[in-house]
Engineer: 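Here you go, one structure.
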Amino acid sequence: MKKIVVVGLVFLALSCKGKEEESFGKQEETTVSEGMVAEKQSPEKLGEAIFKGKGNCVACHQVDKKVIGPSLQDIAKIYKDKNADIVTFLKGEGEPIVDPSQYEVMKTNFAVTKAMSDDELKALEAYVYSNLK
Ligand code: HEC
């Protein structure tokens with residue numbers, strides 16, 4: 001009688017393991033297809049939409065020339081050179097490194113950027129870097 005119980009337990013353990021592996025495999029499949037969906041709306045494209053849309057960053061930033069704020073090419077270059085983090089800056093948790101003398105003007109936007117999700121901020125960052133020459 002004892003033996004049957006032990007065999008039953010071993011069998012149960014084995015069949016559970018099999019199920020775990022199976023569902024793990026399925027999980028991997030979904031991740032891949034999600035990645036394919038994300039490819040359609042790339043972070044750069046989403047970032048560009050926010051930059052020109054609800055972020056209204058375009059009011060002060062142009063791609064290749066300084067207007068009120070530095071150009072995106074300058075920002076991208078300096079952030080890359082210094083290995084700095086645009087997302088952290090936009091959360092209001094960083095230091096200005098491009099044009100600190102004008103920081104007060106940029107600061108007014110943190111009310112907008114702080115309300116954005118991490119994904120939106122990362123998309124903005126991707127868009128800024130996509131202008132790197
Ligand atoms: C009212 C004008 C204005 C708007 C709108 C604006 N910026 Fe700026 N931005 C500036 C100015 C001026 C600077 C230069 C000061 C500085 O470097 O912090 C700057 C600097 C920056 C920098 C470089 C920060 C650094 O380290 O020096 C980033 C990145 C940036 N802006 C991103 C954005 C994004 C993203 C948006 C839209 C959500 C935006 N800006 C909207 C005026 C603006």
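Everything quoted here is computed from the prediction, not taken from an experiment. When reading the values below, keep in mind they use all heavy atoms of this one structure, side chains included, and skip hydrogens, waters and symmetry mates. We're numbering straight along the sequence, starting at 1.
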Engineer: Supply the atom-to-atom distance Tyr127 OH to Ile50 CD1, rounded to the nearest 0.5 angstrom.
Structural biologist: 12.0 Å
Engineer: For the CG atom of Asp74 and the CG atom of Asn131, what is their distance to the nearest 0.5 Å?
Structural biologist: 11.0 Å
Engineer: Ring-plane angle category for Phe89 and Phe110, please: parallel below 30°, perpendicular beyond 60°, tilted otherwise.
Structural biologist: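 The rings of Phe89 and Phe110 stand perpendicular, inter-plane angle above 60°.
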Engineer: May I ask whether Val58 and Val105 are part of the same hydrophobic cluster, defined by side-chain heavy atoms of I, L, V, M, F, W, Y residues being less than 4.5 angstrom apart, directly or through others?
Structural biologist: no
Engineer: For Ala84 and Ile97, work out which heavy atoms get closest and say how close.
Structural biologist: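 Heavy-atom minimum between the residues: CB-CD1, 3.5 Å.
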Engineer: State which residues pass side-chain hydrogen bond (donor to acceptor under 3.5 Å, both in side chains) with Glu44; sequence neighbours excluded, sorted by chain then number.
Structural biologist: none
Engineer: Quick one, Leu90 and Met106 - any side-chain contact, counting heavy atoms below 4.5 Å?
Structural biologist: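 Leu90 reaches Met106 side chain to side chain.
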Engineer: Roughly how far apart are Gln62 CD and Asp64 CG, rounded to 0.5 Å?
Structural biologist: 7.5 Å
Engineer: Show me the pairs that pass salt bridge (charged side-chain N to carboxylate O under 4.0 Å, His left out) and involve residues 111-122, at least two apart or across chains.
Structural biologist: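 Every salt bridge (charged side-chain N to carboxylate O under 4.0 Å, His left out) pair that includes a residue of residues 111-122, provided the two are not neighbours, is Lys54-Glu120, Lys91-Asp118.
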Engineer: So which of Glu93, Glu125, Met116 actually passes side chain to side chain contact (heavy atoms under 4.5 Å, CB included) with Val87?
Structural biologist: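 Exactly one option meets the side chain to side chain contact (heavy atoms under 4.5 Å, CB included) with Val87, and it is Glu125.
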Engineer: Which pair of non-hydrogen atoms, one from Thr88 and one from Asp85, has the smallest distance, and what is that distance?
Structural biologist: N-OD1, 2.9 Å
Engineer: Can you tell me how far the OH atom of Tyr79 sits from the CG atom of Leu132, to the nearest 0.5 Å?
Structural biologist: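 Nearest 0.5 Å value for the OH-CG distance: 14.0 Å.
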Engineer: Once you round to the nearest 0.5 Å, how far does CG of Leu124 lie from CG of Leu46?
Structural biologist: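 That separation rounds to 8.0 Å.
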Engineer: What distance do Ile75 atom CD1 and Lys66 atom NZ have between them, rounded to the nearest 0.5 Å?
Structural biologist: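 Nearest 0.5 Å value for the CD1-NZ distance: 10.0 Å.
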Engineer: The criterion is side-chain hydrogen bond (donor to acceptor under 3.5 Å, both in side chains); which residues satisfy it with Lys65, sequence neighbours excluded?
Structural biologist: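 In terms of side-chain hydrogen bond (donor to acceptor under 3.5 Å, both in side chains), with neighbours along the sequence ignored, Lys65 is linked to no residue.
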Engineer: Please give me the minimum heavy-atom distance between Asp99 and Pro70, naming the atom from each residue.
Structural biologist: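 Minimum heavy-atom separation between Asp99 and Pro70: CB-CG, 4.5 Å.
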Engineer: Could you pull out the closest heavy-atom pair between Cys60 and Val67, with the gap in Å?
Structural biologist: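 Cys60 and Val67 have their closest heavy atoms at O-CG2, 3.1 Å.
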